[in-house]
S.K.: 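Next up is a structure, given as structure tokens.
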Amino acid sequence: MGDERFYITTPIYYVNDVPHLGHAYTTIAADAISRFHRMRSVDVFFLTGTDEHGQKVAQAAAARELSEQAHCDELHENFRALWERLDISNDAFIRTTDPEHKEQVKAALRKLWDGGWIYEQDYEGWYSVSEEMFVTDDTEIERLKAAGKVEFVKESNYFFKMSAFQDRLVGAIESGELVIQPDSRRNEVLGFLRQPLGDLSISRPKSRLGWGVELPFATDHVCYVWVDALLNYCTALRYLNDGTPADDLYGPFWPADYHLIGKDILTTHSVYWTTILMALELPLPRRIFAHGWWTFEGQKMSKSMGNVVDPNRLIDEFGADALRYFALRQMPFGQDGDFAAAGLVERINSDLANDLGNLASRVLNLVARDGGTFTPGEPTAATQPVIDGFNAAAADFERDFAALGFATALRRLWEALAATNKLIQDTEPWRLCKERDEDPAAGALYDEVMRTSGSILQSLAALLFPVMPGQMSVLWESLGGEGSLADYRYAGDRRFLSVSSAGGVEKGEALFPRIDAKSVPSFTERAEQQSE
RNA sequence: GGCGGUGUAGCUCAGUCGGCAGAGCGGGCGGCUCAUAUCCGCCGAGUCGGGGGUUCAAGUCCCUCCACCGCCA
């Protein structure tokens, strides 16, 4: 491992939720960037997990006649299992019911209390159980009253003096100490902070909600679920990562390089979390990146619409690699995009089957039937421009990928791919192959073109491994790459890898078979229910 | 209502400092035959949302209107 460190987090997902495309999206992105840095010898810590406290969990458990813990023990496996199927390489999976997490939350709350950042005050108002928060908007209250979704509550509450940090937070964002991306989200937060910032209720009386972390200074209250949840980013480092000094609250990876979040939890992260960190006298995360939402066939995905996409079904149909590629390639990270089965099939067929898969197929086939080795040699003017083009594309790819510009980065790499297909088309190695007995120059060019194409494919396999770890490993092996691609580490900034046939070249199965759009089933919950 | 954003080809979008409107996909035509009906080449009469202004020159800068989106209220 190198000296450089990189810490990235996903949100911890609410354990009651059935994992859907949105969860998968954030986690795929975090995994891709984690793998990207690991291959460059950066010491990466990639954290995900589940948020297991709160009233909704307690209610769901009660409805199933299970203890809360048993309920969570069972449900959190949905996430673990999905991440395994998606080849997610998280270094840790935190659960907020982990005893070590709860201890650390208590320690943090104690520190806030001792620091004078928490005060008690009576509070009364309309409380929404489903949102786990007080509702202040009058029209919203009326609406929810009619729906029976709010109750009037008067209780003692503990408040965090969030308002004290407003100016400092604005300063941190404006100075770049805290980067919020994309810019539109940064503007949103700054806009929000133009209004006076209130204090944050951080407690719920146990009489109403017992399922949470007890306040160490008021044992008849539990901690507001968001405060408990946000602290996971620090508490995980303390006890899930070996080598963390026991006497500090966060560990060697803090501050996080990226908190990846959905745009719905922008305020909790960029305002609540950051001000809590200020009160705890901890450094702020370096960057918070709020990505966009997927719509499904043009419509917002929601349980009530019955059009929530289960990633497991997508993996069944297309495989984890294709799904990962699609998620990162289809829309710019940070913007909204549409998920449509037709678009997915189009993307897979065009980019993966036709461009990449077929290039691999034609190169592997030519080489495999001709002895199964690449002939070493130096490039000439025939291939040097293509190699230069690849190197330029690779450099752009790395720059954009590191900045989470996955779609742009991938598009750029596909330009190099097209140039390689063109090189083969233009030089016609299948013809050179026949002519080489009479014409040594044809033989030399044949060797050079195959070597260059193979090298670019192998280089692409390495560059694309963070996105498609499964099939790129297969491609690597097919080309005779040494060792496992998962263990490959770049040396220096060289990205064009001279292919060697150490492992022997094999044609193998098609990397990404073309998909017949007519054979693709529906992927929504509704379709599933109908078929049951 | 306040703040911000978006509007460019059938679709998704790129267009830097103002300088002859671009890419990918889909579609059409042609070529190749190593390859996964793949690959390569060619094919664009787009009011750059409408209107006005600045300028030798505006997709780009300014004003205004319309539509949609986000955050706040």
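This structure is a prediction, so every number in the text was calculated from the model and none was measured. Numbered from 1 within each chain, the chains take letters A, B, ... in sequence-line order.
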S.K.: How far apart are the closest heavy atoms of A:Ala394 and A:Leu463, and which atoms are they?
M.R.: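 That would be CB-CD1, 3.8 Å.
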
S.K.: Need the pair for B:G7. Rule: Watson-Crick or G-U wobble, both distances under 3.5 Å, any strand; none if unpaired.
M.R.: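 B:C66 is the nucleotide pairing with B:G7.
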
S.K.: Scan every strand shown for a Watson-Crick or G-U wobble partner of B:U54, both distances under 3.5 Å, and answer none if you come up empty.
M.R.: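 Pairing partner, where one exists within any strand: none, as none qualifies.
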
S.K.: In the strands shown, is B:A45 matched to any nucleotide by a Watson-Crick or G-U wobble pair with both distances under 3.5 Å, and which?
M.R.: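 When the pairing criteria are applied, nothing turns out to pair with B:A45, so the answer is none.
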
S.K.: Given atom CZ of A:Arg362 and atom P of B:A37, what is their separation to the nearest angstrom?
M.R.: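 My rounded result for the distance is 13 Å.
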
S.K.: Identify the residue among A:Leu423, A:Val499, A:Asp447 that makes a side chain to side chain contact (heavy atoms under 4.5 Å, CB included) with A:Thr452.
M.R.: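 The passing option is A:Leu423.
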
S.K.: Partner of B:G59 by Watson-Crick or G-U wobble geometry, both contacts under 3.5 Å, or none?
M.R.: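 Pair assignment: B:G59 / none.
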
S.K.: Does A:Lys161 pair with A:Asp199 as a salt bridge, N-O distance under 4.0 Å?
M.R.: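 Judged by the 4.0 Å cut-off on N to carboxylate O distance, A:Lys161 and A:Asp199 do not form a salt bridge.
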
S.K.: Any donor-acceptor pair under 3.5 Å linking the side chain of A:Arg436 with the backbone of A:Ala442?
M.R.: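 Flag not set: sc A:Arg436 to bb A:Ala442 has no pair under 3.5 Å.
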
S.K.: May I have all residue pairs that pass ring pair (Phe, Tyr, Trp, His ring centres under 6.0 Å) and include part of residues 407-437 of chain A, sequence neighbours excluded?
M.R.: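 Checked against ring pair (Phe, Tyr, Trp, His ring centres under 6.0 Å) - neighbours excluded - the pairs reaching residues 407-437 of chain A are A:Tyr325-A:Trp414.
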
S.K.: With a 4.0 Å heavy-atom cut-off, tell me which residues in residues 339-350 of chain A come close to RNA chain B, sorted by residue number.
M.R.: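 When residues 339-350 of chain A is checked for heavy atoms under 4.0 Å from RNA chain B, the hits, listed by number, are A:Glu346, A:Ser350.
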
S.K.: Determine, for A:Arg324 against A:Asp31, whether the closest basic-nitrogen to carboxylate-oxygen distance falls under 4.0 angstrom.
M.R.: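 Yes, A:Arg324 and A:Asp31 are salt-bridged.
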
S.K.: Which value, in whole Å, describes the distance between the P atoms of nucleotides B:G24 and B:U33?
M.R.: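 B:G24 and B:U33 have their P atoms separated by 25 Å.
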
S.K.: Take atom CD of A:Gln330 and atom P of B:C11, then tell me their distance rounded to the nearest Å.
M.R.: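 So the two atoms are 15 Å apart, to the nearest Å.
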
S.K.: Which base sits across from B:U36 as a Watson-Crick or G-U pair, both distances under 3.5 Å?
M.R.: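 The base-pairing partner of B:U36, which may sit in any strand shown, does not exist here.
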
S.K.: Would you jot down, in residue-number order, the residues of residues 383-415 of chain A having a non-hydrogen atom under 4.0 Å from RNA chain B?
M.R.: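 Those residues whose heavy atoms fall under 4.0 Å from RNA chain B, taken from residues 383-415 of chain A, amount to none.
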
S.K.: Please identify which of these residues, A:Tyr158, A:Phe160, A:Phe165, meets the ring pair (Phe, Tyr, Trp, His ring centres under 6.0 Å) condition with A:Trp117.
M.R.: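 Looking at A:Tyr158, A:Phe160, A:Phe165, the match for A:Trp117 under the ring pair (Phe, Tyr, Trp, His ring centres under 6.0 Å) is A:Phe165.
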
S.K.: Roughly how many Å is it from CG in A:Asp351 to C1' in B:U12, rounded to a whole number?
M.R.: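 Going from A:Asp351 (CG) to B:U12 (C1'), I get 12 Å.
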
S.K.: Between A:Asp316 and A:Arg85, does any NZ, NE, NH1 or NH2 come within less than 4.0 Å of an OD or OE carboxylate oxygen?
M.R.: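 A salt bridge links A:Arg85 with A:Asp316.
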
S.K.: Whether A:Lys263 contacts B:C71 is assessed here as follows: a side-chain N or O lying under 4.0 Å from the phosphate OP1 or OP2. Is that the case?
M.R.: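 Looking at the OP1 and OP2 atoms of B:C71, neither is under 4.0 Å from any side-chain N or O of A:Lys263.
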
S.K.: Rounded to whole angstrom, note down the P distance from B:U64 over to B:C3.
M.R.: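 About 12 Å, rounded to a whole number of Å.
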
S.K.: Taking any strand in view, what nucleotide pairs with B:G1 in a Watson-Crick or G-U wobble way, both distances under 3.5 Å?
M.R.: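 B:C72 - that is the nucleotide pairing with B:G1, both distances being under 3.5 Å.
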
S.K.: Using both distances under 3.5 Å as the test, list the Watson-Crick or G-U wobble partner of B:A23, or none.
M.R.: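 Its partner is B:U12.
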
S.K.: Atom CG of A:Asp338 and atom P of B:U12: how far apart are they, to the nearest Å?
M.R.: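 One finds 9 Å between P of B:U12 and CG of A:Asp338, rounded.
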
S.K.: Could you give the distance separating B:A21 and B:G1 at their C1' atoms, to the nearest angstrom?
M.R.: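 Each nucleotide's C1' atom is 39 Å from the other's.
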
S.K.: For the pair A:Phe465 and A:Trp476, evaluate ring pair (Phe, Tyr, Trp, His ring centres under 6.0 Å) and give the outcome as yes or no after the intermediate values.
M.R.: CA-CA 10 Å; A:Phe465 176 77; A:Trp476 178 268; 9.0 Å; no

S.K.: Please determine which of A:Thr48, A:Thr10, A:Ile261 meets the side chain to side chain contact (heavy atoms under 4.5 Å, CB included) test together with A:Thr26.
M.R.: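 That would be A:Thr10.
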
S.K.: Please check if the side chain of A:Gln166 supplies one atom and the backbone of A:Leu197 the other of a donor-acceptor pair under 3.5 Å.
M.R.: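 At least one qualifying donor-acceptor pair exists.
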
S.K.: Between C1' on B:C71 and CG on A:Asp264, what's the gap in Å once rounded to a whole number?
M.R.: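 From A:Asp264 CG to B:C71 C1': 13 Å.
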
S.K.: Looking only at side-chain atoms of A:Asn365, point me to the closest of B:C39, B:U36, B:A35.
M.R.: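 Looking only at side-chain atoms, A:Asn365 lies closest to B:A35.
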
S.K.: Check every strand shown and say whether A:Leu511 touches a base, only sugar-phosphate, or nothing at a heavy-atom separation below 4.0 Å.
M.R.: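 The answer is base, as A:Leu511 lies within the cut-off (heavy atoms under 4.0 Å) of a base atom.
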
S.K.: Would you list the protein and nucleotides 5-10 of chain B atom pairs, both N or O, that sit under 3.5 Å from each other?
M.R.:
none

S.K.: Hey, can you pull the residues of residues 416-442 of chain A with a non-hydrogen atom under 4.0 angstrom from RNA chain B?
M.R.: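 Heavy-atom contacts with RNA chain B come from A:Ala418, A:Asn421, A:Lys422, A:Gln425, A:Glu428, A:Trp430, A:Arg431.
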
S.K.: Just jot down the salt bridge (Lys or Arg N to Asp or Glu O under 4.0 Å) partners of A:Glu428, sequence neighbours excluded, or say none.
M.R.: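 Counting only residues at least two positions away or on another chain, A:Glu428 forms a salt bridge (Lys or Arg N to Asp or Glu O under 4.0 Å) with A:Arg431.
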
S.K.: Give one of base, sugar-phosphate or nothing for A:Gly191, where a contact means two heavy atoms less than 4.0 Å apart.
M.R.: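 Nothing: the residue A:Gly191, judged by heavy atoms under 4.0 Å, touches no strand.
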
S.K.: Would you check if the distance from the ring center of A:Phe296 to the ring center of A:His20 is below 6.0 Å?
M.R.: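 Judged by ring-centre distance (under 6.0 Å), A:Phe296 and A:His20 do not meet the cut-off.
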
